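Note that the structure is a prediction, hence the values are computed from the model and not measured.
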Amino acid sequence: MAQPHLTLLSDLTPSSQERTWLTAPHPTLPIVATCSSDKTVRIYSLTNFKLLSTITGGHKRSVRTCAWKPHVKGESVLATGSFDATVGIWRRWDSYGRSENGEEDAQDEAKTSDEEEEWRFAVLLDGHDSEVKSVSWSPSGMLLATCARDKSIWIWEDLDDGDNNFETVAVMQEHGGDVKCVAWHPVEECLASGGYDDTIRLWREDLDDWGQVACIKKHEGTVWYIEWEGPQNVPKCVSENDDSTSLQNQWREQQALSGPRLISCSDDRTVRVWRRLPNESMQSGELSSATTGIPSIIRPTGTDETWVEDAVLPHAHELAIYAVSWSRKTGLVASVGADGRIVLYQERFVTSSSASVIDSDAMDTDSHSPEKHLQTEWTILAVYDGAHDIYEMNHVAWAKRADRGSTEDEEVLVTTADDGTVKVWALQLE
């Protein structure tokens, strides 16, 4: 069997002439937004890899980050964060990639975009004292989290009143340094953050006040990026002889109590996975909102949460790791960083009877112990050196790409680097 490998599909063209920081795939359309030091955000098609439009005029310095608002029908809403200490909200009526027969038509869109209504600058959110490093929408799309070099995290509520009004909900300042990243839990209103103080912090609302519920201190360098696991991810079975259905069902039951895991990468050259230990109420049947359907904003959060290190992925980077992405389709993890290397990892069940199958009596005695869980291991699936020649890579993301006439969304990997280029890769597993 051939080794898995990455194949370069295309660069997104034309590229920026300055450093490109991040690429954000649209939640439903085959397009991505890229943030650049040239003060712009560029929107590209993943169908033909061409530039669709360029967002300019909102920020006075580098645009460091952006995020698409989920669950918006008929238009796309994009939040941007800049080194000018502001956050911008942009809107555009959706016509990207749409033709009368339902097929993608990005090339025609690119030709006529100047004649149609373009991106509208809706509102500027002003509150941070220095460079904004990350923005993230909550799963409902009603809350926006932002973080900055000023050591603070702001939560804004979109009042959705038709006038583009946002209200400040909370300002958290527990981090001891530059806050590099924020990311919302995929199904709960729980926020994770990471930063220059080497910590990862978890935040929830309790009695109308947002507060820290956990602080993870195991990294030995700046936490550059964090991302949540997809709620439906299941590790791969090692062989066809495994009882895959049984293992997968056990895994889903186990994950229903603790919820999606969190992955992080750091200046210490490690990628780590974190898991929340179920509290007593969860053990007794009061499950998380992922299983009960009750939003966490309504449920009492109680006291602090306990998060444990689930895994340290195999060492593969020689310099700082700047970004990590966890596929919600395959469960594969990709990481990139200052060494210009793309690394792909795969999680698999450990099938030895002593490690993977735990008897029920042991489960009853100590349900919090890590060895009471199904055991998995992470392996390196592929390594690609010099992905952007000699340049550092700032971001990586899995994205859906719909070809003309295709019945399924193909998943591709999008990487972003200091040379201003954005590359789209296909993973060949066999």
Side-chain angles (χ1 to χ4, degrees), residues 21-24 35 64-67 81 83 128 130-136 145-155 172-186 190-204 210-229 259-276 304-326 333-339 341-343 345 378 392-397 416:
W21 289 105
L22 176 145
T23 299
C35 305
R64 176 64 178 85
T65 180
C66 67
F83 283 178
H128 286 290
S130 59
E131 303 166 358
V132 176
K133 297 299 180 69
S134 179
V135 297
S136 178
T146 64
C147 66
R149 190 178 179 182
D150 61 12
K151 307 179 185 179
S152 74
I153 299 167
W154 288 57
I155 297 179
M172 289 95 76
Q173 297 178 302
E174 278 80 351
H175 273 283
D178 184 349
V179 189
K180 299 292 188 183
C181 51
V182 285
W184 287 98
H185 189 289
C190 170
L191 183 68
S193 62
Y196 189 76
D197 61 1
D198 307 346
T199 69
I200 300 169
R201 298 171 189 259
L202 285 301
W203 313 84
R204 289 184 186 269
W210 282 84
Q212 179 179 296
V213 295
C215 181
I216 301 170
K217 299 181 177 180
K218 285 201 172 184
H219 274 298
E220 297 178 355
T222 299
V223 179
W224 284 103
Y225 204 79
I226 51 179
E227 188 168 285
W228 292 90
E229 175 185 27
R261 294 168 293 173
L262 187 66
I263 197 165
S264 61
C265 62
S266 169
D267 211 58
D268 65 12
R269 308 174 191 179
T270 67
V271 177
R272 299 170 186 253
V273 179
W274 312 94
R275 174 172 52 85
R276 180 180 61 187
D304 291 350
E305 298 176 356
T306 302
W307 285 76
V308 296
E309 186 177 86
D310 197 64
V312 179
L313 275 57
H315 175 78
H317 288 278
E318 301 306 322
L319 295 172
I321 307 173
Y322 291 145
V324 62
S325 184
W326 202 334
V333 164
S335 62
V336 300
D339 58 8
R341 178 178 296 170
I342 304 173
V343 182
Y345 313 83
W378 288 88
E392 294 188 359
M393 300 168 68
N394 297 313
H395 192 255
V396 62
T416 307

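In this structure, NE2 in H185 is found 11.5 Å from CG in L191, a value given to the nearest 0.5 Å. Taking CD of E131 as the start and CG of D150 as the end, the distance is 10.0 Å to the nearest 0.5 Å. Note that the OG atom of S325 and the NE2 atom of H395 stand 6.5 Å from one another [nearest 0.5 Å]. Between the OG1 atom of T270 and the NZ atom of K218 there is a distance of 11.5 Å, given to the nearest 0.5 Å. The distance from the NZ atom of K133 to the NE2 atom of H128 is 11.5 Å, given to the nearest 0.5 Å. Annotation: the span from Y225 atom OH to N394 atom CG amounts to 11.5 Å, rounded to 0.5 Å.
Counting non-hydrogen atoms of other residues, nucleotides and ligands closer than 6.0 Å to CZ of R149 gives a total of 12 or fewer. Dense packing is recorded around CZ of F83, with more than 12 heavy atoms of other residues, nucleotides or ligands lying under 6.0 Å away.
D197 contributes no side-chain N or O that, together with a main-chain N or O of H175, makes up a donor-acceptor pair within less than 3.5 Å. Judged by distance alone, the side chain of D268 and the main-chain N or O of E220 form a donor-acceptor pair under 3.5 Å. Judged by distance alone, with hydrogens and angles left aside, the side-chain atoms of S266 form a donor-acceptor pair with the main-chain N or O of T222 at under 3.5 Å. Formation of a donor-acceptor pair under 3.5 Å by the E227 side chain with backbone atoms of W326 is found in this model. Between the R275 side chain and the V308 main chain, no donor and acceptor come within less than 3.5 Å of each other. With hydrogens and angles ignored, the 3.5 Å screen pairs a side-chain donor or acceptor of W184 with a backbone N or O of S136. Judged by distance alone, with hydrogens and angles left aside, the side-chain atoms of W228 form a donor-acceptor pair with the main-chain N or O of A183 at under 3.5 Å. Between the S134 side chain and the V182 main chain, a donor and an acceptor come within less than 3.5 Å of each other. When atom types are taken as modelled, the side chain of R341 and the backbone of A316 share a donor-acceptor pair closer than 3.5 angstrom. No donor-acceptor distance shorter than 3.5 angstrom exists from the side chain of T416 to the backbone of L22, with no hydrogens or angles considered.
A pairwise comparison of heavy atoms in Q212 and E174 identifies OE1-CB, 3.7 Å as the closest pair. The two atoms that bring S335 and I321 nearest to each other are CB-CG2, 4.0 Å, heavy atoms only. When every heavy atom of K180 is checked against every heavy atom of C147, the shortest pair comes out as C-SG, 3.9 Å. The minimum heavy-atom distance between W307 and A214, with the atom names listed, is CD1-CB, 3.6 Å. Summarising the geometry of G221 relative to D198, their closest heavy-atom pair is C-OD1, 2.9 Å, with the distance given to 0.1 Å. Minimum interatomic distance between C265 and V271 (heavy atoms only, all atoms of both residues): CB-CG2, 4.3 Å.
In this structure, the side chains of I155 and M172 come closer than 4.5 Å at one or more pairs of heavy atoms. Residues L202 and I216 meet the side-chain proximity criterion, which asks for heavy atoms closer than 4.5 Å. Contact annotation: the side chain of W274 approaches that of E309 to within less than 4.5 Å [non-hydrogen atoms, C-beta and beyond].
Test V343, V333, I226, L313 against V324 for side-chain contact (heavy atoms from CB on, under 4.5 Å) and you get one pass: V333.
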Determine whether I153 and W210 satisfy the following criterion, side-chain contact (heavy atoms from CB on, under 4.5 Å), listing intermediate values before the conclusion.
CA-CA 11 Å; I153 299 167; W210 282 84; over 6 Å; no
